[in-house]
Amino acid sequence: LLVYLTALTSYATHGLLDACTSYGTMLGWPFTDERFAWDFISIIDPAFTVPLIIGLLIAWWRTSPVPARVALCAALLYMTLGMVQRDRVLSVQRQLAAMRGHTIERGRALPSPLSLVLWRSVYVTPDDRLVADGIRINYAGDVTVRTGSSMQRLSIEEVRSLHADDPQLIAGFERFHWFTDGYTGRHDEEPQVIGDMRYGQEPHTFSSLWGYLMVPPDASATNHRMVSFGIARSDRIERVWDSLMGRDPEYLPLEQVMRSE
């Protein structure tokens, strides 16, 4: 009975754990296909999972549940910290938008892997612009910002109009648009790729980590597919690491950013 209840609890709470990530899940399926993503932690965060694994292994080795319970409490505290940090970043996002005279139609704050300090802020304005910034906020609440850029969001209506003779491409984009929660736009460096703008190779850019390849109408429809980029360039990896460590000089104190705009 204990094994059954443990397995049932794990299965029943798995969806809630997925919803705590920036990737999200369909908590209401099959009644709704809406994706729930609360953005407390990244899709993959070793700082959350590794202590759980270590605690479980020590509990197995010592035949005592105490280490596993301690690890579970640590994981819950880390998740709570993620929620606090997300709300702090959303507050900074609102300040930046107000400084620019923007109204936020909807916005997200997405944590970087391995960190609850470095975040990607991205929001949609009523005129269908996407605006991204890198926000670094330490646990004491000190904020630095690397202001990013804006781009026109790509809507389903626009794709239907541009590619009316290619229903397969339209269907593929509609699925991708749903998957990205509507955060779609043309990749900074690959104009034929529609990027998932929730995730950038750097927090302030529109060079997405993956996207949907939109080929010309005279090309084979089988070329409509998902593509992945990753952080391939060594200089980009170094910049992201410097941002995580707080060594990127492009990140300026929030007060200075507010005065300069």
Side-chain angles (χ1 to χ4, degrees), residues 6 9-25 27 35-62 64-93 107-122 132-146 196 198-205 208-210 228-232 234 236-248 251:
T6 301
T9 301
S10 300
Y11 183 82
T13 57
H14 188 273
L16 292 175
L17 185 60
D18 281 343
C20 289
T21 71
S22 59
Y23 199 72
T25 191
L27 280 182
R35 296 182 69 87
F36 291 82
W38 298 327
D39 301 332
F40 297 162
I41 61 174
S42 181
I43 303 171
I44 300 173
D45 194 336
F48 178 82
T49 54
V50 170
L52 285 173
I53 295 171
I54 292 174
L56 183 62
L57 291 175
I58 295 175
W60 172 75
W61 175 56
R62 297 184 60 179
S64 168
V66 174
R69 291 171 180 169
V70 171
L72 181 60
C73 289
L76 291 174
L77 285 173
Y78 184 77
M79 189 74 76
T80 302
L81 180 61
M83 179 179 65
V84 172
Q85 289 289 88
R86 181 211 59 183
D87 289 347
R88 286 173 167 174
V89 174
L90 288 175
S91 176
V92 174
Q93 181 187 90
R108 300 277 298 272
L110 300 115
S112 299
L114 302 173
S115 174
L116 293 180
V117 172
L118 182 64
W119 294 69
R120 174 177 175 81
S121 161
V122 59
D133 298 287
I135 297 176
R136 192 178 189 279
I137 181 165
N138 65 27
Y139 297 128
D142 299 324
V143 181
T144 55
V145 175
R146 181 166 185 176
D196 179 351
R198 296 174 300 172
Y199 305 104
Q201 297 183 37
E202 295 178 78
H204 62 286
T205 73
S208 60
L209 287 171
W210 53 74
S228 178
F229 298 100
I231 307 176
S234 59
R236 182 167 279 157
I237 295 173
E238 184 177 354
R239 287 200 304 269
V240 171
W241 182 251
D242 285 344
S243 300
L244 283 169
M245 295 295 103
R247 297 193 297 258
D248 188 341
Y251 278 80

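Values in this document were obtained by computation on a predicted structure and should not be read as measured data. In what follows, residues are counted from 1 in the order of the sequence shown.
Counting only heavy atoms from C-beta outward, the side chains of L118 and P203 approach each other to under 4.5 Å. Between Y139 and Q85, some side-chain heavy-atom pair lies under the 4.5 Å cut-off. Residues L17 and T13 fail the side-chain proximity criterion, which asks for heavy atoms closer than 4.5 Å. Residues W38 and R86 are in side-chain contact: their nearest non-hydrogen atoms beyond the backbone lie under 4.5 Å apart. Taking 4.5 Å as the limit, some side-chain heavy atom of C20 sits within range of a side-chain heavy atom of M79.
Applying the ring pair (Phe, Tyr, Trp, His ring centres under 6.0 Å) test to Y199 and every residue at least two apart in sequence or in another chain returns W210. By the salt bridge (charged side-chain N to carboxylate O under 4.0 Å, His left out) test, D142 is found to be paired with no residue, residues two or more places apart in sequence or in another chain being considered. By the ring pair (Phe, Tyr, Trp, His ring centres under 6.0 Å) test, Y251 is found to be paired with no residue, residues two or more places apart in sequence or in another chain being considered. Here R146 pairs with H204, D248 under the side-chain hydrogen bond (donor to acceptor under 3.5 Å, both in side chains) rule; sequence neighbours left out. In this structure R198 satisfies the salt bridge (charged side-chain N to carboxylate O under 4.0 Å, His left out) test together with D196, sequence neighbours excluded.
When atom types are taken as modelled, the side chain of T205 and the backbone of E202 share a donor-acceptor pair closer than 3.5 angstrom. Of the possible polar contacts, none joining the S91 side chain to the D87 backbone as a donor-acceptor pair under 3.5 Å is found. The main-chain N or O of S208 is found under 3.5 Å from a side-chain atom of Q201 such that the two form a donor-acceptor pair. Side-chain N or O atoms of R35 include one that pairs as donor or acceptor with a backbone N or O of Y23 at under 3.5 Å.
Among residue pairs with one or both ends in residues 40-60, those qualifying as side-chain hydrogen bond (donor to acceptor under 3.5 Å, both in side chains) are D45-Y78; sequence neighbours excluded.
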